[in-house]
Amino acid sequence: MQMPKQNQPQPESKTSPADLFWQQAKAALSGLPDGGLNIAHEAVDRHAVGSHRHQVAIRCIDSTDTPRDFTYLDLCKLTNQFANVLQQLQVVTGDCVFTLLGRVPELYITALGTLKSGCVFCPLFSVFGPEPIRTRLFSGNAKVLVTSRRLYENKVEPLRKSLPGLKHILIVDQDVPPSSDNFWQLINRASGRFTISPTKPQTPALLHFTSGTTGKPKGALHVHNAVVAHYASARYALDLRPGDIFWCTADPGWVTGTSYGIIAPLVIGATLLVDEQEFDPGRWCQLLQSYQVNVWYTTPTAIRMMMRLGIDLIRCYDFSSLRFAASVGEPLNAELVLWGKEAFGIPLHDSWWQTETGAIMIANHSKIEIKPGSMGKPLPGVESAVINHISEHELEIIDAPDQVGELALRVGWPSMFVGYLNDEDRYRLCFINDWYLSGDIVRRDVDGYFWFVGRVDDAIKSSGHLIGPYEVERVLLAHPAVADAGVIGLPDPVINETVKAYVVLKAGYIASDDLKHELRAQARKALGPSVAPREIEFCAKLPKTRSGKVMRRLLKTRALGLPEGDLSTLDSNL
Amino acid sequence: MNQDQIKKEVIAALVEVAPEIDASSLDPEKNFRDQYPLDSIDFLHFVMDVEKRLDAKIPETDYPKLSSLNGAIRYLSIFFDD
């Protein structure tokens with residue numbers, strides 16, 4: 001994988017308080033002997049030779065509720081073995097290694113072994129359908145995929161011919177299908193010694209796909225220097241300390257699952273609790289109690305589903321080990337913050353960041369008082385502003401409090417993405433002068449707390465994930481009955497927004513419940529359940545601009561019964 | 001309500017949530033989520049649909065008992081017997 005051209009603006013060279021914050025964080029890391037920097041060295045190897053070496057690094061609870069422990073020393077050896085496997089397979093620095101896995105030990109071994117080898121790690125969401133998987137493997141130019149037999153046979157094998165660059169499939173189960181290798185056989189034959197690739201702070205390390213409103217998903221690339229922000233933000237925003245038991249419930253396919261589900265807790269020297277099973281509110285309470293979790297990072301959707309258990313039942317559990325709980329993915333409403341305090345004995349801290357920012361930027365962090373319902377304040381290393389666009393190249397910073405505008409961050413934090421794969425234009429559009437434009441609309445109150453208002457674009461926030469409407473529309477349009485489709489997010493009490501599709505049928509097709517089922521089935525098979533529409537409504541036509549774009553904003557305001565606003569671009573014939 | 005009626009409604013609720021499921025290939029003892037890509041919201045909607053179809057209120061703590069076809073039938077049969 002080549003580094004995209006560095007065309008984002010560089011911050012002015014002066015030592016600001018923000019710079020000092022990151023410099024101090026960097027000083028807490030050890031670096032490679034030759035002055036380089038490698039995430040896996042910071043997360044594993046430096047602990048494996050120090051006082052943490054016999055400490056449990058990862059405690060994996062499998063599908064039978066049995067814990068399996070890996071010390072930092074174990075993890076060091078296993079990740080060395082995986083890095084050697086990549087070398088034997090002639091996978092070289094810059095090549096991309098993908099995973100399509102749940103939260104299983106092989107995920108962590110692959111991620112960290114890949115980083116040791118100098119390759120780029122890209123996790124995929126295992127509930128994705130074949131279409132998003134194919135798009136991401138193709139545009140990320142995947143050379144290796146680590147997955148399970150079931151996921152491979154159901155989702156990847158049929159695509160294999162369309163992915164000539166995908167040279168190696170490593171299967172984590174004992175029985176492997178043809179044209180693939182057994183992960184553990186390769187690991188067991190490989191040496192446990194490995195010299196980490198001499199990566200530099202700006203060497204590509206992580207690739208995370210995120211959804212846009214048009215076109216293909218965007219592959220946001222991060223470099224090894226991101227580890228500085230992973231470390232500092234987990235210390236500061238999550239109050240995570242060495243020796244803590246930390247549980248991040250995010251799926252490994254999303255950026256949180258890597259930044260805080262793998263890297264940050266290990267860099268700090270915590271013990272990472274990993275639960276292989278799917279969400280079950282009662283079990284989660286049991287896990288918090290039994291494994292004496294100290295710091296918990298979860299999502300509003302999970303909290304809302306736990307609320308359904310009822311406060312009396314939740315309070316039967318002992319959460320006395322829990323010191324800090326935080327949430328990410330979508331705004332944590334004030335009621336949830338207060339409910340959290342009643343249920344768990346400590347309040348829930350909301351945090352805000354994006355795939356592109358690589359780490360927490362704004363939070364009700366450990367050093368400030370929580371304002372329930374707010375995003376919190378920027379971390380000390382983060383300079384933020386509320387801005388108005390004047391033109392494509394010009395912005396205006398709004399200093400007055402309580403004004404609504406787009407959230408912008410001044411470039412220069414260590415985990416800022418360095419490019420979108422194969423899409424320099426899209427990357428460039430994210431910046432004006434030395435400000436990164438987040439696409440989120442916010443207001444900042446008089447005390448400096450930010451409050452989420454909405455998105456600039458039509459992206460849908462559902463269960464903590466960003467869904468691009470075009471990706472969903474494209475799949476619906478592939479059905480022979482569909483003439484046109486418009487996809488929006490509608491408010492949902494549990495998952496923040498639910499995906500709803502408006503579908504115009506071709507002449508000769510009759511709207512029916514059976515056809516709705518057929519369209520939903522097709523979308524779920526192609527996209528997976530979290531991305532596919534949960535509701536479909538047939539309509540005679542869609543509101544469009546004169547240039548032919550679906551006016552999703554108008555679909556949404558109409559669905560919600562809100563004022564329609566400026567309709568100057570609406571094609572009056574539609 | 002007899003077991004056949006319960007089975008019919010459970011399958012109908014499952015297919016309502018996940019219309020891609022071919023009920024004839026369902027392994028009745030196996031967890032739904034080990035057979036099909038269902039997320040936790042699907043499972044919640046499935047239980048809520050079962051409640052609606054059978055006019056029953058299932059306590060949240062009992063939801064995991066409905067995670068396979070036979071598990072759901074066993075649980076709901078006792079539920080209606082009581």
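Throughout, a chain's letter reflects where its sequence line sits, starting with A, and its residues are numbered from 1.
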Colleague: Give the member of A/Lys525, A/Met305, A/Arg534 that has the highest number of heavy-atom pairs under 4.5 Å with chain B.
Modeller: A/Arg534
Colleague: Quick check: are there more than 12 heavy atoms from other residues, nucleotides or ligands sitting under 6.0 Å from NZ of B/Lys7?
Modeller: no
Colleague: Can you give me the closest heavy-atom contact between A/Pro529 and B/Pro37, atom names plus distance?
Modeller: CG-O, 3.1 Å
Colleague: Ignoring hydrogens and angles, tell me if any N or O in the side chain of A/Arg150 forms a donor-acceptor pair with the backbone of B/Gln35 under 3.5 Å.
Modeller: no
Colleague: Quick check against the 3.5 Å criterion: does A/Arg520 have a side-chain atom that pairs as donor or acceptor with the backbone of B/Glu16?
Modeller: yes
Colleague: Could you go through the side chain to side chain contact (heavy atoms under 4.5 Å, CB included) check for A/Leu313 and B/Glu60 one step at a time?
Modeller: CA-CA 10 Å; A/Leu313 195 75; B/Glu60 292 274 341; over 6 Å; no
Colleague: How long is the span from the CZ atom in B/Arg33 to the CD atom in A/Glu278, to the nearest 0.5 Å?
Modeller: 4.5 Å
Colleague: Would you say that more than 12 heavy atoms from the other residues, nucleotides or ligands in this model lie under 6.0 Å from the CD of B/Gln3, or not?
Modeller: no
Colleague: If the contact rule is any heavy atom under 4.5 Å from chain A, which residues of residues 44-51 of chain B qualify, in numerical order?
Modeller: B/Leu44, B/His45, B/Met48
Colleague: Can you pull out the residues in residues 63-72 of chain B with any heavy atom less than 4.5 Å from chain A?
Modeller: B/Tyr63, B/Pro64
Colleague: Say you draw a straight line from CD of A/Gln522 to CD of B/Glu20; how long is it, rounded to the nearest 0.5 Å?
Modeller: 11.5 Å
Colleague: Kindly check if the number of other-residue, nucleotide or ligand heavy atoms within 6.0 Å of CG (B/Asp55) is above 12?
Modeller: no
Colleague: Let me confirm one number: the CZ-CD1 distance from A/Arg524 to B/Ile21, rounded to the nearest 0.5 Å.
Modeller: 7.0 Å
Colleague: Examine whether an atom of B/Asp34 lies under 4.5 Å from a heavy atom of chain A, and if so say whether it belongs to the side chain, the backbone or both; otherwise answer neither.
Modeller: backbone
Colleague: Counting C-beta onward and ignoring hydrogens, is there a side-chain heavy-atom pair between B/Ile41 and A/Thr301 closer than 4.5 Å?
Modeller: yes
Colleague: Heavy-atom distances under 4.5 Å only: say whether A/Ser126 touches chain B with side chain, backbone, both or neither.
Modeller: neither
Colleague: For A/Phe125, what residues pass the ring pair (Phe, Tyr, Trp, His ring centres under 6.0 Å) criterion, not counting sequence neighbours?
Modeller: A/Phe128, A/Trp254, A/His465
Colleague: Counting a contact as any heavy-atom pair under 4.5 Å apart, which residues of residues 495-503 of chain A contact chain B?
Modeller: A/Ile495
Colleague: Check whether more than 12 heavy atoms from other residues, nucleotides or ligands sit under 6.0 Å from atom CD of B/Glu29, and answer yes or no.
Modeller: yes
Colleague: Considering only heavy atoms, which portion of A/Arg283 lies under 4.5 Å from any heavy atom of chain B: side chain, backbone, both, or neither?
Modeller: neither
